[in-house]
Amino acid sequence: MPITTQNLRVTQMQQLTTPEELRERHPLSDAATQTVQAGRAAIQRILSGEDDRVIAITGPCSIHDPKAAIEYARQLQALRVECADTLEIVMRVYFEKPRTIGGWKGLINDPGMDGSFRINEGLEAARKLLLEINEMGLPVATEFLDTAVPQYVADLVSWAAIGARTTESQIHREMASGLSCPVGFKNGTRGNVQIALDAVRSSAQPHHFMGLAENGQGAIVATDGNPDCHVILRGGEGTNYDAASVDSCCYLAQKDGIRPQVMIDASHANSGKDPMKQPEVLENIGDQIARGDHRIMGVMIESHLVAGAQKLGTEPLTYGQSITDGCLGWEDTRVCLRDLARNVGTRRSASLQQAS
C-alpha cells in the first residue's frame, strides 16, 4: 500500500555518493596526511599556549573557481614559509554558504553556479581541491554547515569553523564534538558571545547522535568530545575586536572554566561588511598583540586575488574575485600578514625581556 502522508513536497531524490566511494577515487596521499597532521598539531599547540605564534586563517569568502583557488594557495604558501616563525597561516577554503533567505549555497551544493545542484560533482571538486592544496604543504580551514559533509572531506581539514547562524545549533555542537581537528565557534549574529562559549563547553562533552557512516548508511555516532574548541569574535550589531571586547569575552570564558583566549575575525560585522576596512581592524588587533596580549591567538581574513566582490550572473566573471562577500586583494593581504608577523615578534621580544 503506498504511503500517502510522507514526502508530499519532495520532487526528486537522487543517489548520493558515499564517503567511502569518494575517498577511493581520491585517497589521502602521504604528503596531504603530513600537512594535515602538522597543521592540526601546530594549532593545538597555539591553543594550549605551548606555541606563542598566531593562527592566521586567510582566504576567499567562498570557493567558486578551483583554478583561482590554487593560484591563491601558491602565493599564500610562499607567504606562510616567509612568516613561519611568528604565524601559522592556514588557507580558508569554504565550500558551503549559509543563506538567510536565498542565494548561491556554495561549490558543494551547486558547483555549476546555475541552480543545477549537482552535489555529487560538488563533493568531488571539493575533495580534489583540498588534496591539491594540502599536497603543497598548506593546511586548510573550512566551515561545516551540512552535518553530512565532514565524512567526505574532514580528513583533509586542519581547522574548522561553525558559523554565527549555527553556533547555537545542537547538531553542530554534536558534530564538532566528534571532529578530529580544532574548531572555532563564532559569536551569534547579534554579537552574543555566551552562545559561542556554551558551544565550546558542549562540544567538549561526549555525545550520541544520528549521523552518516562511511558506507553511506545512517549510523548512531558516539564521540569523546573535542577539547580543541574556541571562540571567534566576529562582531554583531557592532564590532567586538577592541581590547574591551577581548577582556569581556576572556572574563566570561574564565568564569565558565574555558581557556581565556579568542580568535578575531577581521571581516563580517567587525569590518561593517566592508572588506577594505579589514586592514584597520587588523592594525588594532596587531597593536593589542604587540602590547603583550597573549589571549589573542588567531585572526581571520577574507582575502582573494582581486579585491571586492562581483555578482553571480555577471558575464564574464572577473578571475580571482569573490562572488559572495567582498574580499581584501592579495597585495593588501600580504602587507597585513607581514605587519601581523612583526607584531607577534614584538610581543615575543617583550616576553623574553621580562623573563630575563
Side-chain angles (χ1 to χ4, degrees), residues 6-7 10 12-28 32-33 36-37 39-40 43-44 93-99 105-111 117-131 134 140-186 195-196 198-230:
Q6 187 174 342
N7 294 332
V10 174
Q12 185 183 39
M13 284 195 184
Q14 294 177 297
Q15 186 170 349
L16 183 66
T17 191
T18 70
E20 199 170 56
E21 290 167 344
L22 188 60
R23 275 200 295 274
E24 284 176 359
R25 290 197 294 273
H26 305 289
L28 187 66
T33 299
V36 174
Q37 290 176 338
R40 290 176 180 175
I43 293 167
Q44 287 167 336
V93 187
Y94 279 31
F95 298 116
E96 302 179 87
K97 298 306 296 178
R99 292 299 173 206
K105 294 183 180 179
L107 190 74
I108 287 178
N109 195 272
D110 187 14
F117 303 108
R118 301 191 300 270
I119 292 175
N120 283 331
E121 291 181 23
L123 287 167
E124 190 122 9
R127 186 164 180 85
K128 286 170 66 177
L129 180 60
L130 290 177
L131 268 170
N134 274 289
V140 301
T142 198
E143 177 180 343
F144 286 126
L145 181 60
D146 189 313
T147 56
V149 167
Q151 284 288 61
Y152 292 91
V153 298
D155 57 324
L156 289 159
V157 174
S158 292
W159 179 91
I162 305 299
R165 295 175 179 85
T166 44
T167 285
E168 202 168 7
S169 159
Q170 176 178 313
I171 60 173
H172 287 83
R173 294 175 180 188
E174 291 170 343
M175 176 186 69
S177 77
L179 288 175
S180 302
C181 62
V183 178
F185 285 93
K186 291 196 174 183
I195 289 171
D198 291 346
V200 171
R201 293 174 62 197
S202 173
S203 299
Q205 303 299 314
H207 287 279
H208 289 76
F209 54 94
M210 291 181 283
L212 185 69
E214 292 187 4
N215 63 5
Q217 289 188 317
I220 300 170
V221 181
T223 72
D224 283 336
N226 189 341
D228 298 317
C229 296
H230 62 86

Working for side chain to side chain contact (heavy atoms under 4.5 Å, CB included), residues Val149 and Ile108: CA-CA 9 Å; Val149 167; Ile108 287 178; 3.9 Å; yes

Evaluation steps, side chain to side chain contact (heavy atoms under 4.5 Å, CB included), between Gln205 and Arg201: CA-CA 7 Å; Gln205 303 299 314; Arg201 293 174 62 197; 5.9 Å; no

Stepwise side chain to side chain contact (heavy atoms under 4.5 Å, CB included) test for Leu16 and Leu123: CA-CA 10 Å; Leu16 183 66; Leu123 287 167; 4.0 Å; yes

Residue pair Arg23, Leu156: steps toward the side chain to side chain contact (heavy atoms under 4.5 Å, CB included) verdict: CA-CA 11 Å; Arg23 275 200 295 274; Leu156 289 159; over 6 Å; no

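Environment of NZ in Lys97: crowded, with over 12 heavy atoms of neighbouring residues, nucleotides or ligands closer than 6.0 Å.
No donor-acceptor pair closer than 3.5 Å links the side chain of Arg173 to the backbone N or O of Ala204. Checking side-chain atoms of Ser202 against main-chain N and O of Ala199 turns up no donor-acceptor pair under 3.5 Å. Distance alone, capped at 3.5 Å, places no donor-acceptor pair between the Asp228 side chain and the Trp159 backbone. A donor-acceptor pair is defined here as one N or O able to donate and one able to accept, closer than 3.5 Å; no such pair exists between the side chain of His207 and the backbone of Gly225. Listed for the Asn226 side chain is no donor-acceptor partner under 3.5 Å among the backbone atoms of Ser203. Under a 3.5 Å cut-off, the side chain of Ser177 and the backbone N or O of Pro206 do not form any donor-acceptor pair.
Residue Ile220 holds its CD1 atom at 8.5 Å from CE of Met210, rounded to the nearest 0.5 Å. Atom CZ in Phe95 sits 4.5 Å away from atom CG in Leu129 (nearest 0.5 Å). Atom CD of Glu124 is separated from atom OH of Tyr152 by 11.5 Å, given to the nearest 0.5 angstrom. With rounding to the nearest 0.5 Å, the separation of CD1 in Ile162 from OG in Ser169 is 8.5 Å.
Between Val157 and Val36, every side-chain heavy-atom pair lies at or beyond the 4.5 Å cut-off. Between Gln14 and Asn120 the shortest side-chain heavy-atom distance does not fall below 4.5 Å. Side-chain contact between Thr223 and Phe209 is present, with at least one heavy-atom pair separated by less than 4.5 Å. Contact check for Thr147 versus His172: side-chain heavy atoms found under the 4.5 Å cut-off. A heavy-atom distance below 4.5 Å is found between the side chains of Thr33 and Leu28.
Of all heavy-atom pairs between Gln151 and Leu212, the closest is NE2-O, 2.7 Å. Between Asn215 and Thr18, the closest heavy-atom pair is O-CG2, 3.4 Å. The shortest non-hydrogen separation linking Pro19 to Glu214 is CD-O, 3.3 Å. Considering every non-hydrogen atom in both Pro182 and Gln44, the closest pair reads CG-CG, 4.0 Å. Between Asp146 and Glu96, the shortest heavy-atom distance links the atoms N-OE1, 2.8 Å. Taking all atoms of both residues into account, the shortest heavy-atom contact from Leu22 to Thr17 is N-OG1, 4.3 Å.
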